[in-house]
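Notes follow once the structure below has been shown.
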Amino acid sequence: MKEELVTVLEAVRRAQAELAAYLHSHDRNAELALAKLVGILNRHEVVVAAELLQSGAAHVPSPPVAGIELARAS
């Protein structure tokens, strides 16, 4: 599961860098920025890793928040 986490975190880091570059650009191209984000986050290995992490997380109880247990959708 560690490999999947690293894959997802690296994709998020790359997506954040692309978003920062877009926000700091004087010549913004929203279509290109969106295409880059989709290209990063929709890669097969990223999607598979995220799905594996999500299915693994379904078996982990949520931590209590302000004394209230969060309900997970099944």
Side-chain angles (χ1 to χ4, degrees):
M1 188 156 318
K2 183 178 178 183
E3 184 178 316
E4 290 84 5
L5 183 58
V6 169
T7 298
V8 171
L9 290 176
E10 178 61 22
V12 169
R13 186 200 60 76
R14 290 179 58 216
Q16 287 175 326
E18 285 295 340
L19 185 57
Y22 169 78
L23 292 174
H24 291 104
S25 174
H26 295 294
D27 185 27
R28 291 185 182 171
N29 181 333
E31 279 188 35
L32 179 59
L34 186 56
K36 288 180 180 182
L37 292 174
V38 169
I40 292 167
L41 297 172
N42 201 36
R43 286 182 22 234
H44 178 72
E45 60 268 23
V46 175
V47 172
V48 169
E51 288 173 350
L52 288 171
L53 287 170
Q54 185 176 3
S55 67
H59 304 292
V60 177
S62 299
V65 175
I68 301 171
E69 183 70 22
L70 296 175
R72 285 190 181 262
S74 340

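Just so it is clear, the values below take in all heavy atoms, side chains as well, and ignore hydrogens, waters and symmetry mates. Note that this is a predicted model, so its numbers are computed, not measured.
When all heavy atoms of Val46 and Leu41 are compared, the pair lying nearest together is CG1-O, 3.7 Å. Between Gly56 and Met1, the shortest heavy-atom contact is CA-CE, 4.1 Å. Contact between Leu19 and Leu37 at its shortest, heavy atoms only, is N-CD2, 4.4 Å. Closest approach of Ala50 and Val8 over heavy atoms only: N-CG2, 3.7 Å. When all heavy atoms are compared, the tightest approach of Ile40 to Ala11 is CG2-O, 3.3 Å.
The hydrophobic clustering, which links ILVMFWY residues whose side-chain heavy atoms are closer than 4.5 Å, places Leu23 and Val12 apart.
For residues 11-32, the set of pairs meeting the side-chain hydrogen bond (donor to acceptor under 3.5 Å, both in side chains) definition, not counting sequence neighbours, comprises Glu10-Arg13.
A side chain to side chain contact (heavy atoms under 4.5 Å, CB included) with Val47 is found for one member of Arg43, Glu51, Glu45, His44 and no other, namely Glu51.
We find the NZ-CG distance between Lys2 and Leu9 to be 11.5 Å, quoted to the nearest 0.5 Å.
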